[in-house]
Number of protein chains: 2
Amino acid sequence: MQKTQEELKANILSALAHPNRVRILEFLKNGVKCNCEIAPKLDLEQSNLSRHMKILVQQGIVISWKDGLRVNYKIADERVFKILDLAAAIAKRSIETQAGVLEEV
Amino acid sequence: MQKTQEELKANILSALAHPNRVRILEFLKNGVKCNCEIAPKLDLEQSNLSRHMKILVQQGIVISWKDGLRVNYKIADERVFKILDLAAAIAKRSIETQAGVLEEV
DNA sequence: TGACTATATGAGCAATTACTCATATAGTGT
DNA sequence: ACACTATATGAGTAATTGCTCATATAGTCA
């Protein structure tokens, strides 16, 4: 079934919209990594990490390939970092203008 | 409690990561709108739309103010459109390189 | 072959999300 | 006051998400 443009965008954004996946992507800024390096570094359960990586690969944000026992990952599209930077900027402004904070209590 | 940078980014992205909220934002590109204009245009239930708008306002993506009975909305931070464009570009590439499609069946 | 390492995945669970219906709240205009 | 309009929210529900534990799969090396 055909997906709408809005669904396609929402799917990419959903894949990015988790703190651990944000951390994973930022860690992959350092270059190619395998699960066995990411998991201890970010303190994530092996099976949990495996599922996060699957989401990132399925959305074409990350590329993976086998290297012996390991599966290596690298960023497929550097534009994700622009998205993360913009999200940070929006969050920053939102906090500064108190817009998002009033609900907090 | 203090939120991490990763949580802040993920929260902004979560607010954007829904097809209907993407549609709402794109509709708000046309200028200031109230619920009563958005709901029929996008064919959304009144209560459902109200909750989507709350999410966008809470994250500081949209600003709202009362005008008599109505509540008006406008984009608070135009950078959301950059995010949406980047997400579309990533989705496009992902589809073209078949990276994301192989799982589909 | 067997022991070991790295990753994937089934099952179960708690929490969250998106939605709808019904109702409450708030402002308008008679 | 009353009827009316616009929005918000409580309650209930189905689907999804993120997590963990246990197990399966796949590759390495003695």
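Computed over heavy atoms, backbone and side chain alike; hydrogens, waters and symmetry mates excluded. Each chain gets a letter, A, B and so on, in the order the sequences are listed, and its residues count up from 1.
- Rounding to the nearest 0.5 Å gives a distance of 9.5 Å between CD1 of Ile61(A) and CD1 of Ile55(A).
- In the set dT7(C), dT20(C), dG18(D), the nucleotide with an atom closest to the side chain of Arg21(A) is dG18(D).
- With hydrogens and angles ignored, no donor-acceptor pair under 3.5 angstrom links the side chain of Arg51(A) to the base of dT7(C).
- Between His52(A) atom NE2 and dA8(C) atom P the separation is 13 Å, expressed in whole Å.
- With distances taken from any side-chain atom of Glu45(B) to the nucleotides dT9(C), dC21(C), dA8(D), the minimum falls on dC21(C).
- If you measure from atom CG of Asp43(B) to atom P of dC19(C), you get 12 Å, rounded to the nearest angstrom.
- For Asn35(B), no side-chain nitrogen or oxygen approaches OP1 or OP2 of dT5(D) to under 4.0 Å.
- For Leu69(A), taking side-chain heavy atoms from C-beta onward, the closest of the listed nucleotides dC19(D), dT28(D), dT9(D) is dT28(D).
- With rounding to whole Å, Ile55(B) atom CD1 is found 14 Å from dT16(C) atom P.
- When rounded to the nearest whole Å, the span between CE of Met53(A) and P of dC19(D) equals 14 Å.
- Which of dA8(C), dT28(C), dA6(C) sits closest to the side chain of Arg70(A) comes down to dA6(C).
- Contact check, Lys54(B) against dT9(D): a side-chain N or O comes under 4.0 Å of OP1 or OP2.
- Seen from the ring of Phe27(B), Lys41(B) does not count as a face-on cation partner, given the 6.0 Å and 45° thresholds.
- Looking at Gln46(B), its side chain has no donor and acceptor atom pair within 3.5 Å of the base of dA6(D).
- In the set dC21(C), dA26(C), dA8(D), the nucleotide with an atom closest to the side chain of Lys66(B) is dA26(C).
- Not a single donor-acceptor contact under 3.5 angstrom links the side-chain atoms of Ser47(A) to the base of dC19(D).
- Note: CG (Leu56(A)) to P (dT17(D)) measures 14 Å, nearest angstrom.
- Residues Val32(A) and Leu44(A) do not share a hydrophobic cluster, clusters being chains of Ile/Leu/Val/Met/Phe/Trp/Tyr side chains in contact below 4.5 Å.
- In this entry the distance linking CG of Asp67(B) with C1' of dT28(C) reads 12 Å, nearest Å.
- Ala76(A) and Arg93(B) get closest at one heavy-atom pair: O-NH1, 2.7 Å.
- Minimum heavy-atom separation, Asn35(B) to Met53(B): OD1-CG, 3.4 Å.
- Here dG18(D) presents its C1' atom at 13 Å from CG of Leu49(A), a figure rounded to the nearest Å.
- Within the nucleic acid shown, Asn48(A) comes within 4.0 Å of at least one base atom, counting heavy atoms only.
- Atoms CG (Leu44(B)) and P (dT17(C)) sit 18 Å apart, rounded to a whole Å.
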